[in-house]
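Below is one structure, written out as structure tokens, with a few remarks after it.
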Amino acid sequence: MTLIKRPARAGKLVIVTGVPGVGKTTVLTSAITLCKERGVDVKHVNYGDVMFEEATAKGLVKDRDEMRRLPLKGQVALQLSAAKKIRSITEKSNVIVDTHIFIRTPDGYMPGIPSWVAESLLPDSIVLLEADPESISKRRMKDVGIRTREDDEPSKIDEHQLMGRGGAAAISVLTGCTVAIADNREGRHMAAGAVIADLFKR
Ligand code: ATP
Ligand code: MG
């Protein structure tokens with residue numbers, strides 16, 4: 001049996017994930033405010049933003065949408081160089097990575113954290129933000145006007161959240177990280193934020 005060697009780190013690396021509209025941005029803002037109040041320094045990075053920075057620096061793309069059209073091999077290389085960049089930030093500081101475990105595509109669910117990214121990042125914890133599918137559906141509609149896509153139906157949101165649990169479980173077994181499930185109930189984003197902030201106390 002081979003044990004994965006965990007890297008030397010100044011801080012923790014926590015992945016925060018959840019389906020679109022569950023409240024990631026809202027809850028992360030609360031978590032970071034709470035960390036600041038406690039005097040804990042945490043850097044917040046968005047995986048997609050880091051990939052875009054890497055792609056732009058290499059002259060591969062001019063806008064974000066072009067990334068999805070790069071040859072698959074190029075996209076994997078970018079995913080990996082983003083993971084390396086994030087790892088280098090954890091050498092100096094606590095990091096929260098905001099990303100998706102599964103992305104809905106016309107061909108089915110695509111992993112946002114395939115094994116090679118999980119093994120490169122070696123997170124300490126994953127926080128799955130969840131909410132009642134009916135509430136998520138309403139939150140999405142509130143943000144983009146009254147519009148219902150098939151993806152916005154509560155049964156599809158439920159399916160996507162279930163995939164998220166399966167993905168988090170797989171990454172946990174692969175890397176040894178813990179998984180916390182935080183319920184982002186109506187009006188309770190501060191409580192969900194505390195689940196994330198508390199991980200940096202320990
Ligand atoms: P995306 O994946 O599209 O970036 P997100 O997961 O970051 O979405 P937010 O933009 O934070 O989600 O939240 C979506 C909507 O839900 C917003 O209108 C936000 O104000 C609302 N919202 C978030 N958390 C709660 C909560 N606990 N109670 C009520 N409304 C909430
Ligand atoms: Mg957001």
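Note that ligands are numbered from 1 as they come in the structure, with each ligand's atoms numbered from 1 the same way.
Of the polar atoms of G23, at least one N or O is found under 3.5 Å from an N or O of ligand 1, judged by distance alone. Of the N or O atoms in N184, one or more lie within a sub-3.5 Å distance of an N or O in ligand 1.
Between E159 and R104 a salt bridge is recorded (basic side-chain N to carboxylate O distance below 4.0 Å). A salt bridge links E54 to K85: at least one charged side-chain nitrogen sits closer than 4.0 Å to a carboxylate oxygen. Under 4.0 Å is where a charged nitrogen must lie from a carboxylate oxygen, and between D198 and R38 at least one such pair does.
Of all protein heavy atoms, the one lying nearest to atom 1 (P) of ligand 1 is G21 N, 3.8 Å. In terms of protein heavy-atom proximity, atom 31 (C) of ligand 1 is closest to R139 NE, 3.7 Å. Of the protein's non-hydrogen atoms, the one nearest atom 11 (O) of ligand 1 is T26 OG1, 2.5 Å. Of the protein's non-hydrogen atoms, G187 N, 2.8 Å is the one closest to atom 28 (N) of ligand 1. Of all protein heavy atoms, the one closest to atom 6 (O) of ligand 1 is K24 N, 2.8 Å. For atom 4 (O) of ligand 1, the closest non-hydrogen atom of the protein is T25 OG1, 4.0 Å. Nearest non-hydrogen protein atom to atom 18 (O) of ligand 1 is D143 OD1, 2.8 Å.
To the nearest 0.5 Å, atoms NZ (K156) and OG (S137) are separated by 13.5 Å. With rounding to the nearest 0.5 angstrom, the SG atom of C177 is 7.0 Å from the CD1 atom of I171. Put simply, CE on M110 and NE2 on H100 are 10.0 Å apart, with the number rounded to the nearest 0.5 Å.
Near V22, with a cut-off below 4.0 Å to any heavy atom, the atoms of ligand 1 are 6 (O). Close approach of ligand 1 to R188 is summarised as follows: ligand atoms under 4.0 Å from at least one heavy atom of the residue are 27 (N). Near R185, meaning under 4.0 Å from one of its heavy atoms, ligand 1 places the atoms 26 (C), 27 (N), 28 (N). Near H189, meaning under 4.0 Å from any of its heavy atoms, are these atoms of ligand 1: 27 (N).
Heavy-atom separations between G18 and ligand 1 are all 4.0 Å or longer.
Paired with E66 under the rule side-chain contact (heavy atoms from CB on, under 4.5 Å), one option of R69, R64, R68 passes, and it is R69.
Checked against side-chain hydrogen bond (donor to acceptor under 3.5 Å, both in side chains), K58 has the following partners two or more places apart in sequence or in another chain: S81.
Inclusion of T25 in the first shell of the Mg ion (ligand 2) is supported: an N, O or S atom falls under 2.8 Å.
The proximity of K142 to ligand 1, defined as any non-hydrogen pair under 4.0 Å, is limited to the side chain.
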Could you go through R188 and D183, starting from their C-alpha distance and side-chain angles, then the distance that decides it, and tell me whether this counts as salt bridge (charged side-chain N to carboxylate O under 4.0 Å, His left out)? CA-CA 9 Å; R188 299 294 310 277; D183 196 4; over 6 Å; no
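Put simply, the side chain of I196 reaches to within 4.5 Å of the side chain of V27, judged on heavy atoms.
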